[in-house]
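All heavy atoms count here, side chains included; hydrogens, waters and symmetry mates do not. Everything numeric in this text was worked out from a predicted model, so none of it was measured.
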Amino acid sequence: MSDLPSTSDQSVSTQGEADHTGSDDTETASDSPIRSPPAVAVVDAQTPGNVGTIARAMKNFGFEDLLLVDPPELDPDGEAYGFAGHAREDVLPNATELTFGDLVSEYHTIGCTAVTNEDDNNHIRFPFSTPAALVDRLASVAGPTALVFGREGVGLTNEELAQIDEICSIPASSEYPVLNLGQAATITLYELRTLALAPADTQLPDLERVRAPEPTLERLYDQWDDLLVEINHPEEKREKAGRMLRRVYGRADLTAREANTLLGVLRRATERPAERDQ
């Protein structure tokens, strides 16, 4: 896969409100736009493998609707399907081919580009948001949205970007900010994954922690005080040491099991000097 040069662009779209027309100006429940994950559009990709890589990233992060503008031939026995992983079963074969004109007229779009203007003198690539900054806003906006990624080599052209609703750029090193097409799509979709995946839908376990009860933590701090005495830690430094330990454990949000394990270790450590004196 070739790197996108400094003129290259990938794009992301934000969910905009759909227009409603009809004889009644009052919006009803049936008129309300449906909130769904953004579609992912790839414009004029030059190599089938990049399309497959993007489809795989979509499958990884819960996105389903792949839109293709002037795609290369996607042979079921070829590179695209080979790179798509399990996305070859649904995302890739269910892709929709459409024109760029249809894309920008039917979807609210956000164009990602490696290079942005630094001020508002030119609005082709400015203002812009990062993918991480987009996710909170998009989560509360319903309407057809497309994340648009440009071709390898030149990305999205200025003419295409001028028709896109918003601009998005991935923060990267100023010495080499350009990502290849597959990388750009994967990073963007990862950052926006909460628009498509609930925490319960990932392979990760529930990370919610329950802090140890305060009485247990207080016993832990008391045990540290006892140990400081046993090891003859300078008396004038004990109070400060105890305060620092309290702050460390406070930031750690110890679970009950963690606190009890540390308490047991400290008890044994406190008992050892006494045992040596026997």
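Clustering ILVMFWY residues whenever any of their side-chain heavy atoms sit less than 4.5 angstrom apart, transitively, puts V135 in the very cluster that holds Y190. Hydrophobic clustering keeps L245 apart from V229 (ILVMFWY residues linked when any side-chain heavy atoms are closer than 4.5 Å, directly or through intermediates).
Aromatic ring pairs are classed by plane angle as parallel below 30°, tilted from 30° to 60° and perpendicular above 60°; the pair Y249 and W224 is tilted.
Using modelled atom types, one finds a donor on one side chain and an acceptor on the other under 3.5 Å when comparing T47 with E152. A donor-acceptor pair shorter than 3.5 Å can be found between the side chains of T270 and Q223. Side chain to side chain, D44 and Q46 meet the donor-acceptor criterion of an N or O pair below 3.5 Å.
In terms of modelled atom types and a separation under 3.5 Å, the side chain of R88 and the main chain of Y81 share a donor-acceptor contact. Judged by distance alone, the side chain of S105 and the main-chain N or O of D102 form a donor-acceptor pair under 3.5 Å. Under the 3.5 Å distance criterion, the side-chain polar atoms of N50 are left unmatched by any main-chain donor or acceptor of L181. Of the possible donor and acceptor atoms, none in the side chain of T216 sits under 3.5 Å from a partner among the backbone N and O of A212. A donor-acceptor pair under 3.5 Å links the side-chain atoms of Q183 to the main chain of N180, judged by distance alone.
Looking at heavy atoms from C-beta onward, T255 lies out of side-chain contact with R211 at the 4.5 angstrom threshold.
From Y221, atom OH reaches atom CG of D226 across 15.0 Å, with rounding to the nearest 0.5 Å.
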Query raised in the report: Between L68 and L98, is a side chain to side chain contact (heavy atoms under 4.5 Å, CB included) present by the stated rule, with each step listed?
Result: CA-CA 6 Å; L68 301 175; L98 75 174; 5.9 Å; no

